[in-house]
Amino acid sequence: MIIFDVLTIFPALFDPFKKESLLAKAQKKKLLRLTAHNLRDWTTDKHHSVDDKPFGGGLGMVMKIEPIYKAVQKLKKKGKKSKVILFTPRGKKFTQAMAHDLSRQDQLIFICGRYEGVDERVAKNIVDMELSIGNYVLMGGEVPCMAVIETVSRLIPGVIGKPEFLQERLGKGRRKGFLEYPQYTRPEVFRARLAKGGKAINWKVPKVLMSGNHKDIEEWKSKHGKMIAG
Ligand code: SAM
């Protein structure tokens, strides 16, 4: 079982996320455990503050180190393979290859930033890696965290049913990436009308996909697919 511990000031955002679909099933099967912890539980002042003004001035507020430090100390399981991850747009860009590495851990502790970011001493002393999900700035680390949890979870044996689902796109000799290709399902011909009263047009499925010829189908997938770097 892999344990995901999320540190956030909005734990309720994770309620629907963990209660639906494959993640819910995986938790029932005890393949993973996802807990969203409220960072305010590790504060000591009466207002449960997790942020303060930045030293040196500047706009906005910065998340304090103390609650994060205490939470990580409490949650980190001794003797287990674990990684503490901070979400920040400055971090390493998250990739499928990283997801494979993370899926081999026993525990992942995620720190979701808010406001103008997190006291730099967290990045320097507490976390093992800083992750970004792209060159844009979100309001908080919760959405990146969900993206990483979904990507890692589907690599855990048993979570997405058949392991072939994962293997198919990796293919032989493609250790460093995976193939994403166009997919179709019924009907074979879809009749569409782009304007009211206009001429009907048929949108057809490529014939080769219905040919039953596996070699041709594989060639078609390679030709029309795109290799995504791992
Ligand atoms: N300048 C701040 C920084 O560098 O962290 C941006 C703060 S942003 C408004 C608030 C939080 O959202 C960040 O602390 C981080 O946890 C999260 N975040 C925003 N964009 C992100 C991205 N592209 N990847 C990962 N986390 C992101």
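Ligands are counted one by one from 1 in listed order, and the atoms in each one are counted from 1 as well. Position 1 is the first residue of the sequence; numbering continues from there.
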Counting from 1 in the order shown, the ligand 1 atoms closer than 4.0 Å to a non-hydrogen atom of Leu131 are 25 (C)
Is it the side chain, the backbone, both or neither of Pro144 that has a heavy atom closer than 4.0 Å to ligand 1?
side chain
Looking at every non-hydrogen atom in both residues, tell me the closest pair between Ser82 and Asp128 and how far apart they are.
O-OD2, 4.0 Å
Taking all heavy atoms of Phe4 and all of Ser153, pick out the closest pair and write down the distance.
CE1-OG, 3.4 Å
Kindly indicate whether the side chain of Phe17, heavy atoms from C-beta on, has any atom under 4.5 Å from the side chain of Leu34.
yes
Heavy-atom contacts with Val137 under 4.0 Å: which atoms of ligand 1 show up? List them by number with element.
8 (S), 9 (C), 20 (N)
Nearest non-hydrogen protein atom to atom 20 (N) of ligand 1, with distance, is Leu138 N, 2.9 Å
Heavy atom to atom 10 (C) of ligand 1, shortest distance: which of Phe110, Phe94, Tyr115, Phe87 holds it?
Tyr115
Nearest neighbour in protein (non-hydrogen) for atom 3 (C) of ligand 1
Pro89 CD, 3.8 Å
Which residue holds the protein heavy atom closest to atom 24 (N) of ligand 1, what is that atom called, and what is the gap in Å?
Ile133 N, 3.1 Å
Contact between Phe178 and Gln96 at the side-chain level, heavy atoms closer than 4.5 Å - yes or no?
yes
Going by distance alone, is a donor N or O of one side chain under 3.5 Å from an acceptor N or O of the other, for Thr8 and Glu142?
yes
Find all atoms of ligand 1 within a distance of less than 4.0 Å from any non-hydrogen atom belonging to Gly117, and give their numbers and elements.
5 (O), 7 (C), 14 (O)
Rounded to the nearest 0.5 Å, what separates atom NZ in Lys226 from atom CD in Glu180?
10.5 Å
Met139, portion touching ligand 1 at heavy-atom distance under 4.0 Å
backbone
Gly113 neighbourhood, listing ligand 1 atoms whose heavy-atom distance to it stays under 4.0 Å:
11 (C), 12 (O), 14 (O), 16 (O)
Can you check whether Phe190 reaches Lys204 side chain to side chain, under 4.5 Å on heavy atoms?
no
With Thr43 as partner, the option from Lys70, Glu66, His48, Lys64 fulfilling side-chain hydrogen bond (donor to acceptor under 3.5 Å, both in side chains) is His48
Given the rule in the salt bridge (Lys or Arg N to Asp or Glu O under 4.0 Å) test, do Asp15 and Lys18 qualify, once you have shown the distances and angles that lead to the verdict?
CA-CA 6 Å; Asp15 291 346; Lys18 58 186 271 190; 5.8 Å; no
Heavy-atom nearest neighbour in the protein, as seen from atom 23 (N) of ligand 1, with distance rounded to 0.1 Å
Tyr136 O, 2.8 Å
Just which atoms of ligand 1 are under 4.0 Å from any heavy atom in Gly141?
12 (O), 16 (O), 17 (C)
At what distance is the nearest protein heavy atom to atom 1 (N) of ligand 1, and which residue and atom is it?
Glu116 O, 3.7 Å
